[in-house]
Asker: 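Dropping the structure in here first, questions after.
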Amino acid sequence: MDLRGYLKVLARRWPTVLICLVLGIGAGEAATAVTTPVYEAHTQLFVATRTGADTADLNNGQSFSQARVQSYAAIVATRQVTQPVAHELGLEYTPEQLASRITAEAPLNTVLINITVRDTVPARAARIADAVAERFITVVEKLETPKQVAAYPDGLDPSTSLVSPVSLGVTQQASVPRNPVSPKRLLDLVAGVFGGLLLGAGLVALREALDTTVKTSDALGELTSLPVLGSIPYDRSSARQRIAMDAASTSARAEAFRRLRVNLQFAQVDDRPRVIVVTSSVPGEGKTTTAVNMALSLADAGMRICLVDADLRRPSVAGTFGLVQDAGLTTVLIGQACIEDVVQQAGGRLTVLTSGAVPPNPTELLASERMEAVLRELAATYDVVVVDSAPLLPVADTIGLAPLADGVLFVVRASKTGRDQIRSAAESLSRTGVRVLGTVFSMAAGFKGKGYGYGYAPADVPVPRPAAGHEEFAGAALRSPAGEK
């Protein structure tokens with residue numbers, strides 16, 4: 001996946017990124033709240049040598065101090081310094097604990113030693129820093145004081161004075177710090193923001209890697225090697241209202257079904273199917289909605305259309321139009337009625353053959369010779385017969401029904417149907433030798449507005465209908481409602 005594709009994925013899964021961002025900010029704030037504030041106190045020492053007044057002695061003393069000052073900085077946190085300081089100030093720290101709170105550094109080419117003390121109490125940090133500096137001076141000067149050589153019986157030469165060659169002085173007393181050096185709220189907040197964003201991006205990448213559903217119509221075409229005849233945008237209201245093809249509707253869904261009608265007509269110019277089965281791989285992909293609105297769209301183009309509900313396990317066409325379901329396809333198949341006795345009209349423009357009573361053996365009924373005869377009889381009466389069938393993978397109904405039709409339209413739901421499910425369903429159709437007309441990408445991300453703002457001009461003259469027995473989509477099939485583009 002390239003960067004542009006990944007950014008699209010992030011935009012599509014923005015709730016995940018937002019939740020992780022909020023969690024990261026909360027974690028940063030929590031880290032600041034639970035962390036005990038730590039304060040730093042600073043003091044500075046100057047190292048000098050006791051030399052003569054001439055220039056050579058001064059230069060030698062400067063070089064001597066710079067050579068020794070690095071070693072002095074390592075002595076600051078030793079037990080010789082920390083133990084007396086802890087005892088003098090009455091601290092609860094052990095010498096080792098106190099040493100862990102002290103740092104010393106000697107900048108290069110200087111004779112300065114910077115001592116830093118960290119503590120949770122600002123005033124105590126300042127007291128410790130000053131006490132460490134004073135004790136450190138004593139320790140260093142004692143270490144640098146030369147020992148007298150015992151040249152006399154009593155071990156002392158009264159004319160000799162033992163003095164340390166170096167002298168340390170405090171150039172900066174420690175002041176009580178006002179602001180803590182830790183925690184740093186802004187730094188914790190920034191870290192939380194970046195951490196949350198990284199976590200969100202990682203989760204999105206992981207979900208995308210584990211997600212096997214199809215997100216775009218291009219991906220669907222590559223997976224199935226079938227033409228994508230239509231991409232139907234998702235609409236929240238579609239679950240409550242399947243019918244999108246109102247006579248004057250300019251909604252995004254209605255326009256998408258009109259494009260599906262035109263693409264289907266032009267894709268099958270040489271061998272136009274008369275009986276089209278609409279199916280999907282699993283339930284809930286919008287096959288019934290597609291069959292209903294495609295039938296209405298073809299009827300709006302001036303064709304005589306019969307919509308057949310052949311989903312004999314979960315029929316829903318009758319409920320969509322508010323028709324009677326008890327008498328229908330199964331009634332005709334068992335010979336209790338003729339087709340013309342049980343067909344119903346929907347909206348004055350569409351003929352519907354409902355499912356009838358749910359039978360105990362739908363697979364056998366749909367694959368029977370009687371079912372083939374019913375479909376041929378309907379094809380002889382109507383320009384196109386649209387058959388809503390059961391999903392392919394859960395049951396074998398459509399596998400037996402599809403060879404009786406002229407073609408199959410395969411519906412796939414965007415971001416819901418897995419690639420393995422699509423492959424299995426397509427392979428099932430391929431094994432039966434069924435002619436697959438193409439796919440319909442259902443509930444896809446699309447146009448968000450209520451309509452295109454490109455309305456139809458009033459049509460005072462009705463669209464002419466083809467003569468009875470018309471055999472092709474051409475003519476009335478390719479004529480759109482007045483003003484349609």
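Predicted model only: the values in this text are computed from it and were never measured.
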Asker: Going through the checks in order, is the side-chain contact (heavy atoms from CB on, under 4.5 Å) test met by D388 and V308?
Answerer: CA-CA 6 Å; D388 178 30; V308 180; over 6 Å; no

Asker: How long is the straight-line distance from OH of Y72 back to CD1 of I113, given to the nearest 0.5 Å?
Answerer: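 Answer rounded to 0.5 Å: 8.0 Å.
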
Asker: Evaluate the criterion side-chain hydrogen bond (donor to acceptor under 3.5 Å, both in side chains) for residue pair R207 and T16; output intermediate values, then yes/no.
Answerer: CA-CA 10 Å; R207 288 185 61 184; T16 299; 3.0 Å; yes

Asker: Which residue pairs pass the side-chain hydrogen bond (donor to acceptor under 3.5 Å, both in side chains) test when at least one of the two sits in residues 390-399, sequence neighbours left out?
Answerer: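 Those involving residues 390-399 are R313-D397, T363-D397, S389-T398.
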
Asker: Let's go through S281 and E285 carefully: what are the C-alpha distance in whole Å and the side-chain angles of both, what is the deciding distance for side-chain hydrogen bond (donor to acceptor under 3.5 Å, both in side chains) to 0.1 Å, and is it a yes or a no?
Answerer: CA-CA 8 Å; S281 55; E285 297 193 67; 2.6 Å; yes

Asker: For A254, enumerate each residue passing the side-chain contact (heavy atoms from CB on, under 4.5 Å) test, keeping only those at least two apart in sequence or located in another chain.
Answerer: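 Applying side-chain contact (heavy atoms from CB on, under 4.5 Å) to A254 gives M245, S249, S251, R258.
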
Asker: Between R261 and D300, does any side-chain N to carboxylate O distance fall below 4.0 Å?
Answerer: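 The answer is no: the pair does not qualify as a salt bridge.
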
Asker: Looking at D119 and A125, would you say the former's side chain and the latter's main chain have a donor-acceptor pair under 3.5 Å?
Answerer: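 Not at all, since once roles are kept as given, no pair shorter than 3.5 Å links the two residues.
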
Asker: Hey, does F410 have a side-chain heavy atom less than 4.5 Å from the side chain of L392?
Answerer: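 When only atoms from C-beta onward are counted, F410 and L392 do touch, with a gap below 4.5 Å.
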
Asker: Among pairs that include at least one residue of residues 180-196, which meet salt bridge (Lys or Arg N to Asp or Glu O under 4.0 Å), considering only residues two or more places apart or in two chains?
Answerer: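 Only E29-R185 qualify under salt bridge (Lys or Arg N to Asp or Glu O under 4.0 Å).
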
Asker: Tell me the side-chain hydrogen bond (donor to acceptor under 3.5 Å, both in side chains) pairs involving residues 171-182, sequence neighbours left out?
Answerer: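 As it turns out, the side-chain hydrogen bond (donor to acceptor under 3.5 Å, both in side chains) pairs with a partner in residues 171-182, which skip direct neighbours, are Q44-T171.
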
Asker: Between L143 and I75, is any pair of side-chain heavy atoms under 4.5 Å apart?
Answerer: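 In short, these two side chains touch, coming nearer than 4.5 Å.
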
Asker: Do any N or O atoms from the side chain of S430 and from the backbone of A426 form a donor-acceptor pair under 3.5 angstrom?
Answerer: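 Not a single qualifying donor-acceptor pair exists.
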
Asker: For residues 215-232, pull every pair meeting side-chain hydrogen bond (donor to acceptor under 3.5 Å, both in side chains), keeping only residues two or more places apart or in separate chains.
Answerer: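 Every pair satisfying side-chain hydrogen bond (donor to acceptor under 3.5 Å, both in side chains) with a residue in residues 215-232: D211-K215, T213-K215.
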
Asker: What heavy-atom pair brings R79 and P84 nearest, and what distance separates the two atoms?
Answerer: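 Closest approach of R79 to P84: O-CD, 3.7 Å.
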
Asker: Walk me through whether R135 and E88 qualify under salt bridge (charged side-chain N to carboxylate O under 4.0 Å, His left out).
Answerer: CA-CA 10 Å; R135 178 59 187 171; E88 177 186 347; over 6 Å; no

Asker: Can you tell me how far the CG atom of L437 sits from the CG atom of N263, to the nearest 0.5 Å?
Answerer: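 Between atom CG of L437 and atom CG of N263 there are 12.5 Å.
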
Asker: Charged N to carboxylate O below 4.0 Å: is that the case for R423 and D420?
Answerer: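 Result for this pair is yes, salt bridge flagged.
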
Asker: Evaluate the side-chain hydrogen bond (donor to acceptor under 3.5 Å, both in side chains) criterion for residues R419 and T212: first the C-alpha distance (whole Å), next the side-chain angles of each, then the deciding distance (0.1 Å), finally the verdict.
Answerer: CA-CA 6 Å; R419 292 176 178 268; T212 61; over 6 Å; no

Asker: Go through the steps to decide whether L409 and K287 satisfy the test side-chain contact (heavy atoms from CB on, under 4.5 Å), and finish with yes or no.
Answerer: CA-CA 9 Å; L409 199 60; K287 65 174 184 60; over 6 Å; no

Asker: Going by the side chain to side chain contact (heavy atoms under 4.5 Å, CB included) test, name the single residue among T116, I115, N114, V76 that passes it with T103.
Answerer: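 Only match with T103 under side chain to side chain contact (heavy atoms under 4.5 Å, CB included): T116.
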
Asker: Verify side-chain contact (heavy atoms from CB on, under 4.5 Å) between S424 and L393, making sure each step is shown before the conclusion.
Answerer: CA-CA 8 Å; S424 298; L393 298 183; 3.8 Å; yes

Asker: Test M294 against L264 for side-chain contact (heavy atoms from CB on, under 4.5 Å), laying out the working first.
Answerer: CA-CA 10 Å; M294 186 179 73; L264 179 63; 3.9 Å; yes

Asker: Could you list the residues that satisfy side-chain contact (heavy atoms from CB on, under 4.5 Å) with L21, not counting sequence neighbours?
Answerer: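 Partners of L21 by the side-chain contact (heavy atoms from CB on, under 4.5 Å) criterion, ordered by chain and then number, come out as I25, V193, L197.
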
Asker: Can you name the nearest heavy-atom pair linking T43 to A129, along with the distance?
Answerer: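 Smallest heavy-atom distance, with atoms named: CG2-O, 3.7 Å.
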
Asker: Looking at Y93, I'd like to know if the NZ or CZ of R101 sits under 6.0 Å from its six-membered ring centre while staying within 45 degrees of the ring's axis.
Answerer: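 R101 over Y93 ring: yes.
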
Asker: To the nearest 0.5 angstrom, please state how far the CG atom of L307 sits from the CG atom of L298.
Answerer: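 It comes to 10.5 Å.
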
Asker: I want to check something: taking the side chain as every heavy atom from C-beta on, are V358 and L312 in contact at a cut-off of under 4.5 Å?
Answerer: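 The answer is no; the side chains never approach within 4.5 Å.
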
Asker: What distance do T289 atom OG1 and R413 atom CZ have between them, rounded to the nearest 0.5 Å?
Answerer: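 Nearest 0.5 Å value for the OG1-CZ distance: 10.5 Å.
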
Asker: Kindly say whether E364 contributes a backbone atom to a donor-acceptor pair with the side chain of N361 at under 3.5 angstrom?
Answerer: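 Flag not set: sc N361 to bb E364 has no pair under 3.5 Å.
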
